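What follows is a single structure, written as structure tokens, with notes after it.
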Amino acid sequence: EIYANIVERTKQLRLGSALSQPQDGFIPTVDCGAMINHDRFNDLERVLETAENHGATIDVGGRRWKHPYLENGSYFSPTVVGNVDHASELAQRESENDVYP
């Protein structure tokens, strides 16, 4: 199934900074970078929680992620949301760099 494949591939995504150098102490190979700042996190978590309360499933992610080396990074877990009501805020709103239903 395509959806199950998306879920599994999303679980394997690596977050970090593509600007890191090997001498920084960790492997610089990343799939997803940080958001510009933490300002959107509360709203993003609210929209996801509302969608979940109305029957959506958050199959991967859906919350902030603390990078083990980049403590001040604005990371949000790569997120896969299923069973989204097409009339919901999550489906109707563009969520710049956040989540795509």
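Bear in mind that the values here come from a model prediction, so they are computed numbers and not experimental data. We count residues from 1, following the sequence as given.
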Polar side-chain atom of N83 near backbone of T57 as donor-acceptor pair, under 3.5 Å
no
For the CG atom of N5 and the OG1 atom of T10, what is their distance to the nearest 0.5 Å?
9.0 Å
Could you tell me the separation between the SG atom of C32 and the CZ atom of F76, rounded to the nearest 0.5 Å?
12.5 Å
When you group the ILVMFWY residues by side-chain heavy-atom contacts below 4.5 Å and let the links chain together, are V30 and L13 in the same group?
no
The single option from D43, L44, N42, L48 that satisfies side chain to side chain contact (heavy atoms under 4.5 Å, CB included) with R46 is D43
Could you walk me through whether E52 and I58 pass the side-chain contact (heavy atoms from CB on, under 4.5 Å) check?
CA-CA 7 Å; E52 191 172 33; I58 298 175; 3.9 Å; yes
Would you give the length of the straight line joining atom CZ of R9 to atom CG of D31, rounded to the nearest 0.5 angstrom?
10.0 Å
Specify the closest pair of heavy atoms between A51 and L90, including all atoms of both residues, with the distance to one decimal.
CB-CD2, 3.9 Å
If you measure from CD on E49 to NE2 on H54, what distance do you get to the nearest 0.5 Å?
11.0 Å
Separation between OG of S77 and CG of L15, rounded to the nearest 0.5 Å
7.0 Å
For the side chain to side chain contact (heavy atoms under 4.5 Å, CB included) test, which of V81, T79, V7 pairs with D59?
V7
I'd like to know if the side chain of E45 and the backbone of R63 have a donor-acceptor N/O pair within less than 3.5 Å.
no
Would S74 and F41 satisfy side-chain contact (heavy atoms from CB on, under 4.5 Å), going step by step from the backbone distance to the final call?
CA-CA 9 Å; S74 298; F41 287 179; 4.1 Å; yes
Taking G82's backbone N and O only, do any of them form a donor-acceptor pair with Y3's side chain (distance below 3.5 Å, no angle check)?
yes
